[in-house]
Amino acid sequence: MTQLRNSSLTQSLTLFTTISDLKQTHSQIITSGLTNNIFITTRLLAFLAISPLGDLPYAKTLFDNVKHDHTLFMYNTMIRGFSQSDQPLCSIEFYLRMRRNGVLPDNYTFPFVFKACSSETHVGFGRQLHSSVVKFGLVYDVFVMNNVIGMYSSCGCLSDAKRVFEEGGGIGVIDVVSWTTLVTGYANSGEVEVARELFDEMPCRNVVSWNAMIAGYARCYNTIGEARELFEGMPERNAASWSTMISGYSHCGMYNEAFDLFVEMVRVGLVPNESALVSTVSACAQLRELEKGVWLHSYVDEQKFEINVALGTGFLDMYGKCGNIGKALSVFNEMPVKNVMSWNQMIAGLALSGFGRQALALFGKMQMMGPPPNNVTFIVLLSGCSHSGLLKEGWSIYEKMTGTYHIKPQSEHYGIMVDLLARAGLLKEALDFVEKMPVKPHPGLWGAIVGACRIHGDIELGERLGKQLIELEPHHSGRYLSLSNILAAAERWDDAAMVRNLFKERKVSKTPGNSMVGTGDTGDNWQLTSDSTTRAEHEYL
DNA sequence: GTAGGGTTAG
């Protein structure tokens, strides 16, 4: 048996780079009888809980199995690990467990547990924690207080965040991070003007503060120009500044601008980061410009950048949207790690390229060896079935979603199901489906059935639904056109013309608000036009 | 004896 000395173990703990190395070392620790060594256990825990190569469930198991009492440091490590995981509630559980066991929190505990309650649903606990901070005399710790501000900000409680910020200012515990946190809070709550006022008031700014303000402006198409202005005028830029701007363009639908800025970033010799790459790939996908996407892919290969899940998913989306489904498949197959979005995107690519059956087959594989499907998986699958006319398969997917996976259908799922049934000519079934829906159907669902009635020649049903739909949405031009098309298909030219006239007279092609601009029309006038419908037209409807 | 923040991603 290998007898390890304490010091060599400690050394090896800082050296391993993979989880299997660590597990091997852990088993050596167990066989060497060193499990009672608090320091070694702590080092292991920290690696497992915090390192990107870590393994949180394994950390939890180790935590639960230590022989001695847990130290404050161990609790802090677990709280920190879970605060940046997908189960932040576990941080709160560890905090409560710590308090139950009589361990007192310190200035390292609070920042992470505040992060864990940065969602509207946990603001109540956040408030309790805030009063604990006061009780433990930590209001002079700027790290703790900035996290209080951050917690209130991301929970949408801007007035609380502002109050804490001002109180901090009163006792001299705010710094550039406090300002930036508050600027971000206002920008994310849609109060970008307030964010800008604060930004202008800042006693000093650094590159992160500038990036935060740019991100606030870049969120929205109306203000992206301001974002670019700040970007051009800032004293220094880092990779995040560029990727903030690029993702802003991509998010606002300005895909060419996103791509051009990425090219500019590379041209000036900067190394793009993960998020710049992901945003640019997504812009190429939206542009449906295969050449740009291929250029980006070869650039990534040349630079020997690692293609992680997000980037890989972006590439397969791009190839799928640009019509190169074979390349999308090879990217998908080569991805070492795939998440639910990667699978969804690949299924969508197949479905939208007309490979409905292959999409279903990939879903079968996903059920066996992939992550659990989510609501998006089913949207993608159902629309694939609808696209390829796979009626029976669509029904069974829908049943699997609600039965096996207990996913509650949303309006998207309902819409696709109606489309699927109506396209297949099952008009009565589609109608039945809409009438039995537990939520109020969107008028568009009836519209889909009316359209299908025309294609399948069910004039009677189409006419009845078409009239109802006009009553439901008298200002929607498409509703008049659907009815008119149905009547024309039945060669009832006079009726069809009457509906078209009605539509013209009601001026429904323009919304009342818009028609008043530049035409001299008044709202009353529009109303009058609407009322001037002839008796025959009224009777027809 | 060990530690920490605010910006960017599908």
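Predicted, not measured: the structure shown is a model, and the values here were computed from it. Computed from heavy atoms alone, side chains included, the values below leave out hydrogens, waters and symmetry copies.
A:Ser342 comes within 4.0 angstrom of nothing in the nucleic acid, heavy atoms only. Contacts of A:Ser243 with the nucleic acid, taken as non-hydrogen atoms under 4.0 Å apart, include base atoms. Within 4.0 Å of A:Asn188, counting heavy atoms only, lies no atom of the nucleic acid at all. Backbone-only engagement by A:Thr181 is indicated by non-hydrogen atom pairs under 4.0 Å involving sugar-phosphate atoms exclusively. Using a 4.0 Å heavy-atom distance criterion, A:Val207 is classed as making no nucleic acid contact. Among the protein residues, A:Asn147 comes within range of no part of the nucleic acid, since none of its heavy atoms lies under 4.0 Å from any strand. Among the heavy atoms of the strands lying under 4.0 Å from A:Asn273 is at least one base atom, whether or not backbone atoms are also near.
Closest approach to the A:Ser282 side chain among B:dG10, B:dG6, B:dT7 is made by B:dG10 (side chain taken as heavy atoms from C-beta onward). Set against B:dG10, B:dG6, B:dT8, the side chain of A:Ser209 has B:dG6 as its closest nucleotide. For A:Arg43, whose side chain is taken as the heavy atoms from C-beta onward, the closest listed nucleotide among B:dT7, B:dG4, B:dT2 is B:dT2. In this structure, the nucleotide among B:dG4, B:dT2, B:dG10 sitting nearest to the side chain of A:Val278 is B:dG10. With B:dG4, B:dT8, B:dA9 as the choices, the nucleotide that has an atom nearest any side-chain atom of A:Glu274 turns out to be B:dA9. Here the side chain of A:Asp141 is nearest to one of B:dA9, B:dG6, B:dG4, namely B:dG4. Nearest to the side chain of A:Asn107, among B:dG4, B:dG10, B:dT7, sits B:dG4.
Distance, A:Tyr108 OH to B:dG1 C1': 13 Å, rounded to whole Å. Whole-Å rounding puts the A:His251 NE2 to B:dT7 C1' distance at 16 Å. B:dA3 atom P lies 13 Å from atom CG of A:Asp106, rounded to whole Å. Between the CE atom of A:Met318 and the C1' atom of B:dA9 there is a distance of 16 Å, given to the nearest Å. The distance from atom CZ of A:Arg196 to atom C1' of B:dT7 is 16 Å, rounded to the nearest whole Å. Residue A:Phe110 contributes atom CZ, which lies 19 Å from atom P of B:dG4 at whole-angstrom precision. One interatomic measurement links the two molecules: CD1 of A:Ile149 to P of B:dT7, which rounds to 13 Å at whole-angstrom precision. Rounded to an integer number of Å, the gap from CG of A:Asn76 to C1' of B:dT2 is 12 Å.
The aromatic ring of A:Phe39 sits over the base of B:dG1, with ring centres less than 5.5 Å apart and planes tilted by under 30°.
Side-chain N or O atoms of A:Ser386 include none that pairs as donor or acceptor with a backbone N or O of A:Leu382 at under 3.5 Å.
Scanning for side chain to side chain contact (heavy atoms under 4.5 Å, CB included) contacts around A:Pro409 gives A:Tyr398, A:Met401, A:Thr402, A:His413, A:Tyr414, with sequence neighbours left out.
No hydrogens or angles were tested; on distance alone, a donor-acceptor pair under 3.5 Å links the side chain of A:Thr180 to the base of B:dG6. Side-chain N/O atoms of A:Asp175 and base N/O atoms of B:dG6 include no donor-acceptor pair closer than 3.5 Å.
The closest side-chain donor-acceptor pair between A:Tyr108 and A:Arg80, if any, does not fall under 3.5 angstrom. A donor-acceptor contact closer than 3.5 angstrom is absent between the side chains of A:Asp301 and A:Ser298.
Between A:Lys321 and A:Glu289 no salt bridge is recorded (no basic side-chain N to carboxylate O distance below 4.0 Å).
Using bins of under 30°, 30° to 60° and over 60° for the plane-to-plane angle, the ring pair A:Phe63/A:Phe94 lands in the perpendicular bin.
Contact annotation: A:Arg80 reaches the phosphate of B:dG4 (side-chain N/O to OP1 or OP2, under 4.0 Å).
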